[in-house]
Amino acid sequence: MVISGHTRLAGVIGSPVRHSLSPTIHNAGFAAAEIDARFVAFPVEAGHAAEAIDAMRTFDLLGLSVTMPHKEAVIAACDRVTERARALGSVNCIFRDGSDVVGDSTDGAGFIKGLQSELGFDPSGTRCAVIGAGGAARAVVLALADAGAQRIEVINRSADRGDVAVALAPSVARRGNVADLGAVDLVVNATPVGMADTPHSAAAPFDVSVLSKGTVVSDLIYHPSETPLLAQVRARGLGNQNGLAMLVFQAAVAFEHFTDSAAPVDAMMSAARKAIAP
Ligand code: NAP
């Protein structure tokens with residue numbers, strides 16, 4: 001599509017940000033939906049998030065995705081934030097609603113949509129375990145609780161962060177341990193254990209022999225596409241997915257905020273797959 005005076009702009013702010021897959025995913029979405037817009041990466045150093053939001057207003061951008069180190073700092077610069085972003089203290093998507101600049105956190109909704117779409121898993125009434133208690137884990141705990149999970153075991157190395165994650169959903173979440181994994185329907189790995197190019201790339205966060213038949217495993221890592229954990233889960237014949245679905249579906253939620261149009265998820269997914277293929 002030709003760039004003209006009508007072409008709109010969206011982007012992602014962060015530092016570093018040049019490696020981000022967001023431009024690839026969103027531009028594939030704009031092209032498939034025939035929306036006259038482009039999505040670019042804006043390197044923005046720590047401490048300059050508010051200026052980036054001012055620029056969004058000045059240039060009438062469609063919206064901004066937000067990555068490290070700005071996910072907390074942008075909150076003060078928004079006119080309002082959604083309830084889930086407020087609860088998590090984190091914003092990864094900023095969009096216009098009338099004259100307001102609104103901050104949202106789309107990771108949790110993206111995770112749930114990816115679970116449903118790829119594994120046909122509906123969290124309502126299920127027993128879940130989340131390993132880790134960082135930003136991704138907290139978004140997943142809140143989203144699983146909102147989607148009706150009956151119980152959520154939060155299994156984390158350090159107790160204090162585990163408690164913060166539990167406090168997001170106090171009626172269903174509690175601190176758990178690996179022994180609980182035999183009695184859950186879903187296990188989510190929200191630690192970097194198994195991620196490529198890290199000291200623990202060859203490790204799995206737990207021994208899959210503890211899992212029961214019927215348990216499904218979602219590893220939020222997408223590089224590599226099959227972590228040691230997922231290889232072991234596959235060998236046991238259990239349902240599983242990597243983090244690509246969450247990545248693409250959280251972008252799809254953002255796309256809908258930016259454009260008020262349904263996200264062409266298949267096109268966005270295939271662009272993401274192509275970009276990370278070895
Ligand atoms: P984070 O905020 O740094 O949190 C990492 C969590 O993992 C912490 O709870 C930490 O425990 C735990 N952890 C780290 N190293 C560990 C180890 N060696 N053994 C056991 N636990 C360990 O990171 P994050 O942003 O939540 O990201 C977590 C993972 O999710 C990463 O792999 C990231 O790539 C992935 N992710 C995927 C998506 C997606 O769209 N697919 C989105 C966001 C994140 P402590 O609290 O004890 O330090």
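We count residues from 1, following the sequence as given. Read the numbers this way: they start at 1 and go in the same order the structure lists the ligands and their atoms. Computed from heavy atoms alone, side chains included, the values below leave out hydrogens, waters and symmetry copies. Keep in mind that what you see is a predicted model, and the values were worked out from it rather than measured.
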Can an N or O of [X] be found at a distance shorter than 3.5 Å from an N or O of ligand 1?
X: Gly243; result: yes
X: Ala133; result: yes
X: Ala136; result: yes
X: Arg157; result: yes
X: Met246; result: no
X: Asn156; result: yes
X: Leu220; result: yes

Just to confirm my output: which protein heavy-atom neighbour is closest to [atom], and how far is it?
atom: atom 14 (C) of ligand 1; answer: Pro192 CD, 3.4 Å
atom: atom 3 (O) of ligand 1; answer: Arg161 NH2, 4.4 Å
atom: atom 28 (C) of ligand 1; answer: Ala190 O, 3.2 Å
atom: atom 4 (O) of ligand 1; answer: Gly134 CA, 3.3 Å

Would you kindly specify which portion of [X] sits under 4.0 Å from ligand 1, judged on non-hydrogen atoms: side chain, backbone, both or neither?
X: Val193; value: side chain
X: Gln250; value: neither
X: Ile221; value: side chain
X: Arg138; value: neither
X: Pro205; value: neither

Going by the order shown, which atoms of ligand 1 are within less than 4.0 Å of some heavy atom of [X]?
X: Tyr222; result: 41 (N)
X: His200; result: 18 (N)
X: Gly135; result: 2 (O), 26 (O)
X: Ser158; result: 45 (P), 46 (O), 47 (O)
X: Gly132; result: 9 (O)

I want to confirm something. Looking only at heavy atoms, which of Met68, Lys71, Met195 is nearest to atom 33 (C) of ligand 1? Met195
Selected option - heavy-atom contact closest to atom 21 (N) of ligand 1, from Thr191, Val248, Asn242: Thr191
Starting at OG of Ser117, measure out to CD1 of Ile112 and round the result to the nearest 0.5 Å. 12.5 Å
Looking at Lys71, I want to see if its NZ is surrounded by more than 12 non-hydrogen atoms of other residues, nucleotides or ligands under 6.0 Å. yes
Is any side-chain N of the basic residue among Asp146 and Arg84 closer than 4.0 Å to the acidic one's carboxylate O? no
Salt bridge check, Arg127 against Asp180: does any charged N sit closer than 4.0 Å to a carboxylate O? no
When you check the side-chain N and O atoms of [X] and [Y], is any donor under 3.5 Å from an acceptor?
X: Thr7; Y: Asp36; answer: yes
X: Ser124; Y: Asp122; answer: no
X: Asn242; Y: Ser225; answer: no
X: His48; Y: Glu51; answer: yes
X: Asn189; Y: Thr191; answer: yes

Exercise check, heavy-atom protein proximity under 4.0 Å to atom 23 (O) of ligand 1: no
Taking it one step at a time, do Phe249 and Thr106 satisfy side chain to side chain contact (heavy atoms under 4.5 Å, CB included)? CA-CA 8 Å; Phe249 279 92; Thr106 65; over 6 Å; no
Applying a strict under-4.5 Å side-chain criterion to I, L, V, M, F, W and Y, I'd like to know whether Val166 and Ile152 cluster together. yes
When hydrophobic residues are tied together by side-chain contacts of less than 4.5 Å, even through go-betweens, does Val130 share a cluster with Val217? no
Should Leu144 and Leu186 count as side-chain neighbours, where that means a heavy-atom distance under 4.5 Å? yes
Kindly determine whether Phe42 and Val17 satisfy side chain to side chain contact (heavy atoms under 4.5 Å, CB included), including the steps that lead there. CA-CA 7 Å; Phe42 294 118; Val17 76; 5.9 Å; no
